[in-house]
Amino acid sequence: MTILQQLETRLAAALADVLGEPARAIVVPAADLRFGDYQSNAAMVLAKQRKTNPRTLAEDVISKIDLAGIATAEIAGPGFINFRVLSDAYAARAMALLNDEKLGVPASGGGRTVVVDFSAPNVAKPMHVGHIRSTIIGDSLARIARFLGYRVITDNHIGDWGTQFGMILHGWKTMRDDEALERDPIAELVRVYRMVNVAAKADPAVLENCKTELVKLQAGDAENLAIWQQCIDVSKRGLEKIYTTLDVTFDHWLGESFFNDMLGPLVDEFLAKGIARESAGAVCVFSDGQGKPEDDPFRVHREEGWTDNPAIIRKADGGFLYATTDLATLQYRIDKWRADEIWYVVGVPQQLHFRQIFAAAERWGKTGNFRHVAFGSILGEDRKLMKTRSGENVGLIEVLDEAVERAAKVIAEKNPDLEGAKEIAEIVGIGAVKFAELSQNRLTDYVFAWDRMLALQGDTAPYLQYSHVRIRSIFRKLDAFFDATAAEIVLNEPEEIHLARLHARFGELLPQVLEDFRPNLLANYLLELARAFHSFFEACPVLKSDEPQRSSRLALCELTGRVLATGLGLLGIKCPVRM
RNA sequence: GCGCCUGUAGCUCAGUUGGAUAGAGCACCCGCCUUCUAAGCGGGCGGUCGCUGGUUCGAAUCCAGCCGGGCGCGCCA
């Protein structure tokens, strides 16, 4: 049990004793260490409900509460109950964590199956920095869920069947440069795509041509299918390379094309069950009339008032759409994979779309915990959304390369003789990019800036990695094997106590990350831990101290290293041994 | 027009869901390498939490109304 849970249990018991009935006892880490380690405002909340004096209630609770071996409690301000955890309790907790592979993290996932849908790039379109958020946040959430005991299935729902293929096919046939294709197939594909885009904008005839090619492809034209397959293969190879660099993996790559055959039957079923009906030649899911119009994803307010805003699942020309594929995908995940939950890590502009999909799925009888894990947009210098079609956006590969290059430069300055410098530059550079993304609240928009994303000092991945490096450096200098699992920890200095305090919080914090899908909570925690370690490192000599302090401090270092490495691992960031 | 997201230090951002004197990093200033890696540590400067009301013991957080930014709203994904 975590220290927080122990405090809550004992507080609840004392409250029940005083009030004569069970009551909720919420304990949180104290806002300020001067108030103690943990605090509860339960007395204020409950006194308000009962119209009694909060301080009196708090006093009664404190006189009854049994905190033996854990903490001391006192009342402050209008009725806060502040807990100061005994350093022996922290020491005991640290020793327990050293013998726990999960570092005190509970299995809150309970074996539930969750499908994490993230990254999902469009094939044959270049990945720019705007695509990084879904990939990095989704990967991290999948790792955390796995660690918390979920059965996790990651799925890269690539856009391999959209209307962009009309353009690609036309470009392939009319503008392809075979030599360039040989040299760098992805770049050539991207070049062709961009050129067609420009041409189609200028000339309606080109656009018409693209549409014809698309219709032929969807009708099963052999030549177009072959070209399509070739484009997919080339694109996938390019994507794999990026994912390898990012250390991101998927259990499945079920793109849009995979669900193609299921779309017709799906629409028929929707029609037969009355979930959808025809309107102006298209098949649409309309509002079921339940609930308030402002909460109804199938209704929208225009000048005239509230009007229908249906989800179209088949166009008047018989073609299928995004919504159709997403419904088929959802069905597959529920029926084939037995998913209890599906998390869609997709940008906030898609919010309405997912509200419609989830509502339609519910009417369809597909149940589960469906969550749109939305994130804010990455804006260009002009504060406008980055667009895929225009070529002026910063490419994802470009950013990653630059990150590694900058890291390499710092290594060359600080540690020119470093062995394996190239690999370490990669770990540090890529880590910096990932951390810049993950340490931020996922919902805020931000303007892309090189220096922000590639910073190597301050609140960054290298800061965390560096603390790990300092720890490993201590153990390298150690003459004999050190068994941390058997070590006796005794906490004296404030820096030692603070380290142990944070160790204890790891298991309390991690489940919270998934409550609202906020990896930045973990990122901020790790910064706090690293900060605590650097202070400890400066203030408390390890190897030069005498026993039993020496062993105790070594054990603290070992535990810190494990928590850091584990935490970084959950963010998808690696830990170098030297840097 | 209506809906969603957002506005916090010069800059970039946190803020445990209503708690105590609002926190970090960058930048700037002052100190610290003969001691386990200075990508570090210690200290300083810096705030009308967009604005105005309201709810209450208590508001950056909840409610209402304005102002600014981003996005979405029938046959693209």
Side-chain angles (χ1 to χ4, degrees), chain A residues 28-32 34-35 39 41 44-45 47-48 54 76-80 82 120 122 159 161-164 256 279-284 294 300-317 319 321-323 325-326 347-353 355 374 376-377 379 383-385 388 407 410-411 413-415 428 436 439-441 443-447 449 451-452 455-460 462-463 465-467 469-478 508-509 512 515-516 518 520-521 523-524 527-528 531 534-535 537-539 541-544 557 578-579:
Chain A
V28 297
D32 192 313
R34 277 171 305 183
F35 303 134
Q39 63 182 45
N41 57 18
M44 288 185 286
V45 174
K48 190 175 189 174
F80 291 102
N82 291 335
N122 278 316
W161 196 249
T163 38
Q164 83 265 28
E256 292 169 346
S279 166
V283 177
C284 311
E294 57 267 35
V300 71
H301 196 281
R302 298 227 172 70
E303 289 80 29
E304 326 84 71
W306 291 99
T307 61
D308 284 324
N309 176 46
I312 300 171
I313 57 173
R314 194 172 71 201
K315 296 191 278 184
D317 68 7
L321 294 113
Y322 184 34
T325 315
D326 264 358
V348 80
Q350 314 269 357
Q351 203 223 48
L352 183 62
H353 166 76
R355 285 181 60 212
S377 309
L379 310 176
R383 287 203 62 83
K384 292 285 178 203
L385 201 59
T388 313
V410 174
I411 292 171
E413 281 166 15
K414 292 184 186 293
N415 203 349
V428 171
S439 58
Q440 203 160 135
N441 186 312
L443 282 168
T444 41
D445 295 352
Y446 66 87
V447 176
D451 287 343
R452 194 193 70 86
L456 301 174
Q457 261 151 24
D459 283 353
T460 61
Y463 180 79
Q465 291 165 327
Y466 184 57
S467 50
V469 162
R470 281 180 141 184
I471 292 167
R472 293 331 308 168
S473 179
I474 291 173
F475 283 99
R476 253 199 313 279
K477 300 243 157 90
L478 202 56
E508 299 170 0
L509 168 118
Q512 218 184 326
E515 270 170 31
D516 204 23
R518 287 165 49 177
N520 68 310
L521 293 180
N524 292 338
L527 284 171
E528 213 179 330
R531 218 169 277 136
H534 285 304
S535 298
F537 186 89
E538 305 275 343
V542 177
L543 297 175
K544 294 205 163 105
C557 288
R578 302 165 206 255
M579 66 190 274

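Numbers restart at 1 for each chain; the letters A, B, ... are given by sequence-line order, proteins then strands.
- Using atom P as the reference point in both rU17(B) and rC75(B), the two lie 43 Å apart (nearest Å).
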>> Using a 4.0 Å heavy-atom cut-off to protein, can you give one letter per nucleotide of nucleotides 7-19 of chain B, 5' to 3': B if the base is in contact, S if only the sugar-phosphate is, - if neither?
In response: -----SSSSBB-B
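- Closest approach of Val300(A) to Asp308(A), counting heavy atoms only: CG1-O, 4.3 Å.
- The distance from atom CH2 of Trp161(A) to atom C1' of rC76(B) is 16 Å, rounded to the nearest whole Å.
- Shown here are the side chain to side chain contact (heavy atoms under 4.5 Å, CB included) partners of Glu508(A), two or more places apart in sequence or in another chain: Thr2(A), Ile3(A), Leu4(A), Tyr38(A), Arg505(A).
- Set against rC75(B), rG72(B), rU35(B), the side chain of Pro349(A) has rG72(B) as its closest nucleotide.
- Here the separation of rG47(B) from rG10(B), taken at their C1' atoms, is 12 Å to the nearest Å.
- Of the candidates rC36(B), rC73(B), rC75(B), the closest approach to any side-chain atom of Leu321(A) belongs to rC75(B).
- Here the separation of rA59(B) from rC63(B), taken at their P atoms, is 16 Å to the nearest Å.
- Residue contacts for Ala280(A): at a heavy-atom cut-off of 4.0 Å it reaches a base atom on one of the strands shown.
- Every side chain to side chain contact (heavy atoms under 4.5 Å, CB included) that Pro54(A) has, sequence neighbours left out, goes to Met44(A), Ala47(A).
- Residues satisfying the salt bridge (charged side-chain N to carboxylate O under 4.0 Å, His left out) criterion with Asp445(A), sequence neighbours excluded, are absent altogether.
- Along RNA chain B, the nucleotide closest to Pro541(A) and the one closest to Arg34(A) are compared, and the more 5′ of them pairs with Arg34(A).
- Across the C1' atoms, rU8(B) and rU48(B) are found 12 Å apart, a figure rounded to whole Å.
- Remark: the separation of the P atoms in rC29(B) and rG50(B) is 30 Å, to the nearest Å.
- A donor-acceptor contact shorter than 3.5 Å is absent between the side chain of Thr444(A) and the backbone of Gln440(A).
- Look at CG on Leu379(A): it is 13 Å from P on rG69(B), rounded to the nearest Å.
- For Phe475(A), there are no ring-ring contact (aromatic ring centres under 6.0 Å, His included) partners, not counting sequence neighbours.
- Not a single side chain to side chain donor-acceptor pair (under 3.5 Å) links Ser279(A) to another residue, sequence neighbours left out.
- We find that CD1 of Ile312(A) is positioned 4 Å from C1' of rC75(B), with the value rounded to whole Å.
- Residues passing the side chain to side chain contact (heavy atoms under 4.5 Å, CB included) test with Thr163(A), sequence neighbours excluded: Leu214(A).
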>> I'd like to know whether Tyr322(A) forms a side-chain hydrogen bond (donor to acceptor under 3.5 Å, both in side chains) with Gln350(A), so could you lay out the CA-CA distance, the side-chain angles of the two residues, the decisive distance to 0.1 Å, and finally the verdict.
In response: CA-CA 11 Å; Tyr322(A) 184 34; Gln350(A) 314 269 357; 2.9 Å; yes
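- Looking at heavy-atom distances under 4.0 Å, Ser467(A) makes no contact with the nucleic acid at all.
- Residue-to-nucleotide contacts include no donor-acceptor pair under 3.5 Å from the side chain of Asp326(A) to the base of rA77(B).
- For CZ of Arg578(A), the number of neighbouring non-hydrogen atoms (other residues, nucleotides, ligands) closer than 6.0 Å is 12 at most.
- Proximity of a side-chain donor or acceptor of Gln512(A) to a complementary backbone N or O of Leu521(A) within less than 3.5 Å is not detected.
- Base orientation at rU17(B) is syn, since its O4'-C1' glycosidic dihedral falls within 90° of 0.
- With its glycosidic angle within 90° of 0, rC33(B) is assigned syn.
- Summarising the geometry, the separation between NE2 on His353(A) and C1' on rA77(B) is reported as 9 Å, rounded to the nearest angstrom.
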Can you name the atoms? Protein N/O to nucleotides 39-42 of chain B N/O, anything below 3.5 Å, with the distance.
{"from": "rA39(B)", "atom 1": "OP2", "to": "Lys414(A)", "atom 2": "NZ", "distance (Å)": "2.6"}
{"from": "rG40(B)", "atom 1": "OP1", "to": "Gly458(A)", "atom 2": "N", "distance (Å)": "3.3"}
{"from": "rG40(B)", "atom 1": "O2'", "to": "Arg470(A)", "atom 2": "NH1", "distance (Å)": "2.8"}
{"from": "rG40(B)", "atom 1": "O2'", "to": "Glu538(A)", "atom 2": "OE2", "distance (Å)": "3.3"}
{"from": "rC41(B)", "atom 1": "OP1", "to": "Tyr463(A)", "atom 2": "OH", "distance (Å)": "2.5"}
{"from": "rC41(B)", "atom 1": "O4'", "to": "Glu538(A)", "atom 2": "OE2", "distance (Å)": "3.2"}
{"from": "rG42(B)", "atom 1": "OP1", "to": "Ser535(A)", "atom 2": "OG", "distance (Å)": "3.0"}

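- For Arg518(A), there are no side chain to side chain donor-acceptor pair (under 3.5 Å) partners, not counting sequence neighbours.
- One P atom belongs to rU6(B), the other to rC13(B), and the distance between them is 14 Å to the nearest Å.
- Residues that satisfy the side chain to side chain contact (heavy atoms under 4.5 Å, CB included) test with Leu321(A), not counting sequence neighbours, are Ile312(A), Lys315(A), Thr324(A).
- With P as the reference atom, rU12(B) and rG58(B) are 35 Å apart, rounded to whole Å.
- The 5' end of RNA chain B is approached more closely, in terms of each residue's nearest nucleotide, by Trp306(A) than by the other of Trp306(A) and Lys544(A).
- Residue Leu352(A) contributes atom CG, which lies 16 Å from atom P of rA77(B) at whole-angstrom precision.
- Under the salt bridge (charged side-chain N to carboxylate O under 4.0 Å, His left out) criterion, Glu528(A) pairs with no residue, sequence neighbours left out.
- Between Leu527(A) atom CG and rC26(B) atom C1' the separation is 14 Å, expressed in whole Å.
- Separating the P atom of rC49(B) from that of rA9(B) is a span of 10 Å, rounded to the nearest Å.
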> Where each pair must be Watson-Crick or G-U wobble with both distances under 3.5 Å, what dot-bracket representation of RNA chain B is obtained, with crossing pairs in [ ] and other-strand partners as |?
Replying inline: (((((((..((((.....[...)))).(((((.......))))).....(((((..]....))))))))))))....
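- Counting any heavy atom pair closer than 4.0 Å across all strands shown, Glu528(A) reaches no nucleic acid atom.
- Residue contacts shown for Ala449(A) are absent, as no nucleic acid heavy atom lies under 4.0 Å away.
- Going from atom CD of Gln350(A) over to atom C1' of rC4(B) covers 13 Å, rounded to whole Å.
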